[in-house]
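Note sheet for the following structure.
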Amino acid sequence: MKSVGIVGIENSHATEIVRFLNVEAPDVPVRITALVAGEPERTRELAALGGIERVVDEAGALLGTVDALIVTARDGADHRALAVPFLEAGVPVWVDKPLAATVADADAILAAAQRGRVPVTSSSTLRWLADTAELVAEAARIGEVQAVTVMGPADPDSPYSGIFFYGIHLADLAQVLRPGIAEDVEVQSLPAGVVARYRVGGVPVALEFVRPDGDSQVPFRATVVGRRGIASWEIPIGPGYVQPGVRAFAGMLETGEPPVPASEMRAPIAVLEQVAEALASR
């Protein structure tokens, strides 16, 4: 049984992860055994949910006491400082979305994993959903990819590093559908949001970040144009949406192999950084 610590417990993902691993999934040989304390009531709530007895005041106290670390801090700007010491010490880390809020931080995290010779993973929860797998399968049936569009909610003014907080869902899903380095990124600001257009290996990709308006729900939708047709899927976020990603993390701990290539972790951050820079310049 793998012993795992978790830091950044203000995120709702922390609740879902603890509930799944410690309550609902006895078949997964991973348990959350330690928390880095956050707001007192939240800390008590999460510890009670998972039957977690060990609570520490700062992440460094877990070094040498856990088999792996999960970083679920909302702000990607905090992820480098939390993840790097563990990776350098040879402790595998799952950095919840986004990997980082700058390419420099993303590169530092990936380099630390290489130095520590341990796996690191990070991705959007959308990457692991069944609807995404169905879209990928349908895209393969309609021939060579000609264009990709991904739409969903993202607030450029989020206090958690702006476009990175929810924008990672769009950018990572685009990586699933058309992996590779973005070229010629163009950013357009609209009253309802932001559109980023670029090319990956000559294929045009568009990310349509829709600014949430009040309590209205903006769905995630992805469209792939192939030589023989079009595949367009809404990708809902339903109950248990975190669970497939948790299983991917558990698989990483078992095999020692990261479920997402380093290039696909870095590429979405590079796109979002260019979007953030374009918005800041305006």
Side-chain angles (χ1 to χ4, degrees), residues 1-26 28-89 91-102 105 109 112 120-125 153-155 157-162 164-169 212 214-215 237-243 245-247 249-250 253:
M1 187 71 66
K2 297 292 186 182
S3 168
V4 178
I6 189 166
V7 58
I9 62 172
E10 73 278 7
N11 195 328
S12 63
H13 285 191
T15 300
E16 298 303 317
I17 292 167
V18 169
R19 178 183 291 115
F20 182 61
L21 288 177
N22 289 27
V23 181
E24 299 176 351
V28 180
V30 177
R31 294 292 179 269
I32 305 299
T33 59
L35 304 175
V36 177
E39 190 276 326
E41 183 176 349
R42 170 67 170 156
T43 303
R44 288 192 293 270
E45 172 190 88
L46 206 56
L49 172 65
I52 302 165
E53 296 182 357
R54 187 170 186 216
V55 178
V56 300
D57 291 330
E58 55 94 27
L62 297 180
L63 279 167
T65 70
V66 293
D67 298 314
L69 181 73
I70 301 175
V71 178
T72 54
R74 282 179 175 153
D75 196 336
D78 298 329
H79 291 173
R80 175 179 179 174
L82 294 169
V84 165
F86 285 82
L87 293 168
E88 290 182 331
V91 179
V93 177
W94 171 17
V95 183
D96 193 21
K97 62 87 182 170
L99 176 63
T102 66
D105 281 1
I109 292 170
V120 62
T121 190
S122 182
S123 64
S124 161
T125 52
D155 182 0
D157 299 319
S158 167
Y160 309 115
S161 292
F164 283 88
F165 183 52
Y166 257 65
I168 188 61
H169 292 303
D215 294 330
I237 303 296
Y241 66 101
V242 172
Q243 295 176 10
V246 177
R247 288 190 180 276
F249 166 64
L253 297 185

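Counting heavy atoms from C-beta outward, Arg247 and Val30 have side chains that stay 4.5 Å or more apart. Residues Val93 and Ile109 fail the side-chain proximity criterion, which asks for heavy atoms closer than 4.5 Å.
Atom OG1 of Thr33 and atom CD1 of Ile52 lie 8.0 Å apart (nearest 0.5 Å). Residue Asn11 holds its CG atom at 7.5 Å from CD1 of Ile17, rounded to the nearest 0.5 Å. Rounding to the nearest 0.5 Å places CG of Leu46 at 5.5 Å from CD1 of Ile9. Atom CG of Leu99 sits about 10.5 Å away from atom CZ of Phe164, to the nearest 0.5 Å.
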- Chi angles and distances behind the side-chain contact (heavy atoms from CB on, under 4.5 Å) call for Lys97, Thr125: CA-CA 8 Å; Lys97 62 87 182 170; Thr125 52; 5.7 Å; no

- Query: Are Arg42 and Glu45 close enough, and set up right, to give a salt bridge (Lys or Arg N to Asp or Glu O under 4.0 Å), and what steps lead you there?
  - Reply: CA-CA 5 Å; Arg42 170 67 170 156; Glu45 172 190 88; 2.9 Å; yes

- Go through the steps for Val71 and Phe86 under the test side-chain contact (heavy atoms from CB on, under 4.5 Å), then give the verdict. CA-CA 11 Å; Val71 178; Phe86 285 82; over 6 Å; no

- Query: Going through the distances and angles, do Val242 and Phe20 end up as a side-chain contact (heavy atoms from CB on, under 4.5 Å)?
  - Reply: CA-CA 9 Å; Val242 172; Phe20 182 61; over 6 Å; no

- Task: Show the numbers, then the answer: is there a side-chain contact (heavy atoms from CB on, under 4.5 Å) between Val4 and Val66?
- Result: CA-CA 5 Å; Val4 178; Val66 293; 5.8 Å; no

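For the pair Pro85 and Leu82, the tightest heavy-atom approach, listed with the atom from each and the gap, is CD-O, 3.9 Å. Taking all atoms of both residues into account, the shortest heavy-atom contact from Val55 to Ala37 is CG1-CB, 3.7 Å. Across every non-hydrogen atom of Ser122 and Pro98, the tightest pair is OG-C, 3.9 Å. Heavy atoms only, all atoms of each residue included: Val91 and Ala68 are closest at CG1-CA, 3.6 Å. In terms of heavy atoms, Pro92 sits closest to Leu253 at CB-CD2, 3.8 Å. Gly76 approaches Ser161 most closely through the heavy-atom pair N-OG, 4.5 Å.
Atom CG of Asp57 sits in a sparse spot, with 12 or fewer heavy atoms from other residues, nucleotides or ligands closer than 6.0 Å. Other residues, nucleotides and ligands contribute more than 12 heavy atoms inside 6.0 Å of the CD atom of Glu39.
With hydrogens and angles ignored, the 3.5 Å screen pairs a side-chain donor or acceptor of Arg31 with a backbone N or O of Leu21. The main-chain N or O of Gly38 is found under 3.5 Å from a side-chain atom of Thr43 such that the two form a donor-acceptor pair. For the pair Gln243 (side chain) and Val246 (backbone), a donor-acceptor distance under 3.5 Å is absent. Looking only at distances, no side-chain donor or acceptor of Arg80 sits under 3.5 Å from a matching main-chain atom of Ala100. Panel note: side chain Glu10, backbone Arg74; a donor-acceptor pair is recorded below 3.5 Å. Between the side chain of Asp96 and the backbone N or O of Thr72 there is no donor-acceptor pair closer than 3.5 Å.
In this structure, Tyr241 has its ring center under 6.0 Å from that of His13.
By the 4.0 Å N-to-carboxylate-O rule, Lys2 lies too far from Asp67 to be salt-bridged with it. Salt-bridge formation is detected for the pair Glu16/Arg19: a Lys NZ or Arg NE/NH1/NH2 atom is positioned less than 4.0 Å from an Asp or Glu carboxylate oxygen.
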